[in-house]
Amino acid sequence: MRSPIFVAIDTPDLERAKAVAARVRNHVGGLKLGLEFFCANGRQGIREMADLGLPIFLDLKLHDIPNTVGKAVQALRPLEPAVLTVHAAGGRAMLEDAKAAAPTGTKVVAVTVLTSLDRGDLQAAGVPSEPHEQVERLTALARDAGLDGVVCSGNEVAAARKLWPEGFFVVPGVRPADAHAGDQKRVITPRAALDAGASILVIGRPITQAKDPDVAARAIEATL
Ligand SMILES: O=c1ccn([C@@H]2O[C@H](COP(=O)(O)O)[C@@H](O)[C@H]2O)c(=O)[nH]1
């Protein structure tokens with residue numbers, strides 16, 4: 001069975017991205033490429049990474065008016081990513097237009113509450129809810145808009161899956177027991193995230209910043 005780990009390759013440097021991906025390719029299930037990589041390397045960069053033969057998770061977290069997001073997803077269609085992200089806070093019409101514009105084989109998933117945010121951050125942004133309440137609210141919205149799943153932290157994934165048993169659940173903010181959380185505020189270990197109902201795990205720095213990314217990926221895989 002393919003590994004549930006998607007390694008987040010967060011670098012603007014195409015050659016470094018390829019080198020890290022080549023090192024870890026036998027111990028991960030896919031490559032997650034985000035804004036940092038896309039802004040520097042565009043669609044051609046994504047194609048070159050796809051040539052490595054692993055599924056591509058395009059984490060652009062699109063968030064705009066429905067027409068703009070729909071057109072952006074249309075422009076991404078030729079890349080046929082395995083997974084594509086949008087922000088649930090963009091609203092139902094935006095989510096519906098994103099899904100309608102995506103290739104049939106692409107899972108369109110909605111980011112609920114970023115794993116770098118806690119209750120205080122939500123309050124400061126005018127959302128008077130606990131993260132888990134907001135995740136549940138936005139999970140129901142994504143489900144009702146016809147998306148494939150959501151992105152949430154491992155602390156909320158069990159509750160989100162209860163609302164949407166057949167949904168696809170992406171969990172970032174994943175840290176092995178001894179790893180540094182950095183800017184992530186809602187973190188969980190890889191094993192606990194899977195036990196709670198994650199479909200896939202997004203893991204970046206604990207692998208990519210390790211002295212040997214391949215050894216780090218293997219060590220995480222061994223805990224699953
Ligand atoms: O809520 C979210 C949504 C996306 N991410 C992305 O996942 C990786 C995490 O990287 P680490 O180095 O393992 O912290 C990164 O690319 C984020 O953009 C997230 O962290 N939280």
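For ligands, and for the atoms within them, numbers begin at 1 and follow the listed sequence. Below, all heavy atoms of this structure are taken into account, side chains as well, without hydrogens, waters or symmetry copies. The structure displayed is predicted, hence computed values, not measured ones.
- Residues lining ligand 1 at a heavy-atom distance below 4.0 Å are given as Ala8, Asp10, Lys32, Asp59, Lys61, Leu114, Thr115, Val151, Pro172, Arg175, Gln184, Val202, Ile203, Gly204, Arg205, Pro206, ordered by chain and residue number.
- Not a single donor-acceptor pair under 3.5 Å links the side chain of Arg218 to the backbone N or O of His27.
- Of the candidates Leu31, Ile9, Val7, Thr85, Thr85 is the only one forming a side chain to side chain contact (heavy atoms under 4.5 Å, CB included) with Phe57.
- Considering Glu130, Glu133, Gln134 as possible partners of Leu122, the one that fulfils the side chain to side chain contact (heavy atoms under 4.5 Å, CB included) test is Gln134.
- Cation-pi geometry between Lys107 and Phe168 is met: under 6.0 angstrom from the ring centre, within 45 degrees of the axis.
- Checked by atom type, the side-chain pair Arg161/Ser199 shows a donor-acceptor distance below 3.5 Å.
- Residues Glu156 and His132 have side chains that never bring a donor and an acceptor to within less than 3.5 angstrom of each other.
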